[in-house]
Amino acid sequence: MQRVTVIERFSKTFRDNPSLSKLLIVFTVSGGGLVAYSEAGKSNDNSNAGALVEANNRKKKVVVLGTGWAGTSFLKNLKDPSYDVQVISPRNYFAFTPLLPSVTCGTVESRSVVEPIRNIIRKRYAEAYYWEAECIKIDPENKKVYCRSNLSTNGNGKEEFAVDYDYLVIATGARVNTFNIPGVEENTFFLKEVEDAQKIRRTVIDCFEKASLPTLSDEERKRLLHFVIVGGGPTGVEFAAQLHDFVNEDIVRLYPKVKDLVKITLLEATDHILNMFDKRITAFAEEKFHRDGIDVKTGSMVVKVGEKEISTKDVKRGEITSMPYGMAVWSTGIGTRPVIMEFMKHIGQGSRRVLATDEWLRVEGQENVYALGDCATINQRKVMEDIAAIFQKADKDNSGTLTVKEFQEVLNDICERYPQVELYLKNKKMSNLVDLLKESKGNGVKESIEVDIEEFKSALSQVDTDMKNLPATAQVASQQGVYLAKCFNRMEECEKNPEGPLRFRGEGRHRFHPFRYRHLGQFAPLGGEQTAAQLPGDWVSIGHSSQWLWYSVYASKQVSWRTRALVVSDWVRRFIFGRDSSQI
């Protein structure tokens, strides 16, 4: 009994103080030759919480829709206790989606990549509550969101309720885009949620079990063991690599009679897979898949998905062919959720494909509504739309001409307000805008150069051509969540002392610095313990060393020490015992 009491006390200590587990996890991970350390979030300090003085005024109510990368990142970094935070999502956990392809084949268990959202919000300084429900309507005029609970409480159906807000943070993510192709919704598997990965895992095993039955013909076995992945992006490529490793490292030992009938096909509508990566990575991935026996069909656009056949169209020749399949996974892009589409129509953005925000992640035309992650995109203001206002603001003596000195005084504000300027100068290999201004007047000019409004327009006329939308990735969503939380933490301070760039179309400065995405690199696991890594500075690494870098980064990016321990232990288990192929 005494031993049990000691163990219970030990366990309770670690549960109540998650930070104590850091030493244990770092020791365990580093013992295997892998160091992965990251600050997963500090627990609430009771002494600090007790010292907080209750606000005299009513707390501002912040409603957060969604528990994905953007919403969770916002919640983890919101530290101002003056907000009453209410989280609404049909999913009561955060899922580490980059590891979903690993879940499909048992490399990592589904429970290892999820963290209950209540665990996350209870450690915050700000007061926060969670409701398991789905937002069905947003009413910006009355500052309300209407929700429907996933849970039936009275047996008469799902409960509906309304929630008031002072600030609304929309982080609902996106849905899978089927492009209205017949049969996709009914006959293919998606890979966007944990439930999707679990279904795929069960279906893969089902296909092998059915193919092993003695009553089937060889043709039917070949069909059942033909796995088709639609989409040559990072998710599709990683799933194809994971499935290949699962079959060749684990399945062949368990199903020796059907191992030679397995076929994996990857369909991509463009000319190459992994188009967003460096060409060296694309070429290596295609060559490796060819060696591994994965059939990569580029220039093949899916036009119909039947129950047992999938039809594709050759983009160049226009020929339509059909192939039998046992399981098809659809991984080709994202679309806007219905509730966001209705909201967009309501606020005059019905013609857009995705919700538009300004550079501060505020929904265009809405004062206290913010949107981040896959459900929104930043509608970057063009320089040429404000060119007259910029010229007027820089021309302090109202002479009608702009000197280099006058221009330099607003140079930093221009580059911060319009990030496409910096990208354009980088592509032109110029150090700053002054060089561009001088170039427009000819080489060899002196500092006394003056330009009028027309010459100023001519110098900056091509700046907006390099504008690009941010990719819909976990990295972007996470950084947006951190940025917006910091803005909320400094809201009161920045109202009094704005810290942003000049308002070229108004007076004073913007409250905050605009959001600026910082690309930290990207990975493409290719199977066989090999990964392609493309890091800042145009640095490319491919091979086994990059795989260990992938392990380290993905372990360090987990949102808690609990999930970090589970993921690392899953990797160790797979190395020792292989992947689990049981049906549960």
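Judged by distance alone, the side chain of H272 and the main-chain N or O of A283 form no donor-acceptor pair under 3.5 Å. Looking at T172, its side chain never comes within 3.5 Å of a backbone N or O of R337 through a donor-acceptor pair. Between the side chain of R564 and the backbone N or O of S556 there is at least one donor-acceptor pair closer than 3.5 Å. Panel note: side chain R511, backbone G500; no donor-acceptor pair is recorded below 3.5 Å. Checking side-chain atoms of S478 against main-chain N and O of A474 turns up no donor-acceptor pair under 3.5 Å. Using modelled atom types, one side-chain atom of T282 and one backbone atom of L274 make a donor-acceptor pair closer than 3.5 Å. The main-chain N or O of R362 is never found under 3.5 Å from a side-chain atom of Q366 such that the two would form a donor-acceptor pair.
Nearest heavy-atom pair, F277 versus P234, reported as atom, atom and distance to 0.1 Å: CE1-CG, 3.9 Å. Across every non-hydrogen atom of Q479 and R518, the tightest pair is NE2-O, 2.7 Å. Residues G373 and A477 approach most closely at CA-CB, 3.8 Å, considering heavy atoms. Taking each heavy atom of A371 and L355 in turn, the nearest pair found is CB-CD2, 3.5 Å.
A salt bridge does not link K426 to E422: none of the charged side-chain nitrogens sits closer than 4.0 Å to a carboxylate oxygen. Using a 4.0 Å cut-off between a side-chain N of Lys or Arg and a carboxylate O of Asp or Glu, R148 and E134 do not qualify as a salt bridge. Salt bridge R91/E132: absent, no basic N to carboxylate O contact under 4.0 Å. In this structure, D358 does not pair ionically with R381, as no charged nitrogen and carboxylate oxygen lie closer than 4.0 Å. Under a 4.0 Å N-O distance rule, the pair K192/D196 does not qualify as a salt bridge. Salt-bridge check for K144 with D164: passed, with a basic side-chain N closer than 4.0 Å to an acidic carboxylate O. The existence of a salt bridge linking R280 and D278 is confirmed by a sub-4.0 Å separation between a basic side-chain nitrogen and an acidic carboxylate oxygen. Taking 4.0 Å as the cut-off between side-chain N and carboxylate O, R417 and E359 count as a salt-bridged pair. Salt-bridge annotation for D139 and K137: absent, with no side-chain N of the basic residue lying under 4.0 Å from a carboxylate O of the acidic one.
No hydrogens or angles considered: a donor-acceptor pair under 3.5 Å links the side chains of E141 and H346. A side-chain donor-acceptor contact under 3.5 Å links S112 and D570. Using a 3.5 Å distance cut-off with no hydrogens or angles, the side chains of T107 and Q242 do pair a donor with an acceptor. In summary, the side chains of T332 and W330 do present a donor paired with an acceptor at a separation below 3.5 Å, with no hydrogens or angles considered. T72 and T67 share no donor-acceptor pair across their side chains, judged by distance under 3.5 Å alone. No side-chain donor-acceptor contact under 3.5 Å links T563 and E115. A donor-acceptor contact under 3.5 angstrom links the side chains of H226 and T265, judged on distance only. Side-chain contact annotation: E268 with T298, donor-acceptor N/O pair under 3.5 Å absent. Q420 and D464 form a side-chain donor-acceptor contact under 3.5 Å, judged by distance and modelled atom types alone. Of the N and O atoms on the side chains of E159 and S149, not one donor lies less than 3.5 Å from an acceptor on the other residue.
For K288, the NZ atom sits in a packed shell: over 12 heavy atoms of surrounding residues, nucleotides or ligands are nearer than 6.0 Å. Crowding of K61 atom NZ: a count of heavy atoms from other residues, nucleotides or ligands under 6.0 Å exceeding 12. Enclosure of atom CZ in R516 by more than 12 non-hydrogen atoms of other residues, nucleotides or ligands within 6.0 angstrom is indicated.
Using bins of under 30°, 30° to 60° and over 60° for the plane-to-plane angle, the ring pair Y167/Y370 lands in the tilted bin.
Between Y483 and the choices Y517, F515, F512, the ring-ring contact (aromatic ring centres under 6.0 Å, His included) rule is met once, by F515.
Two rings, from Y418 and Y424, have their centers 6.0 Å or more apart. For W69 and F96, the ring centers sit closer than 6.0 Å to each other. For F488 and Y83, the distance between ring centers is under 6.0 angstrom.
When side chains are defined from C-beta on, E529 counts as touching Y551, because their heavy atoms get closer than 4.5 Å.
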Original post:
Taking it one step at a time, do V169 and L372 satisfy side-chain contact (heavy atoms from CB on, under 4.5 Å)?
Top reply: CA-CA 8 Å; V169 178; L372 52 162; 3.4 Å; yes
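Applying the salt bridge (charged side-chain N to carboxylate O under 4.0 Å, His left out) definition to pairs two or more places apart or across chains, those involving residues 101-113 are E109-R201, E109-R573.
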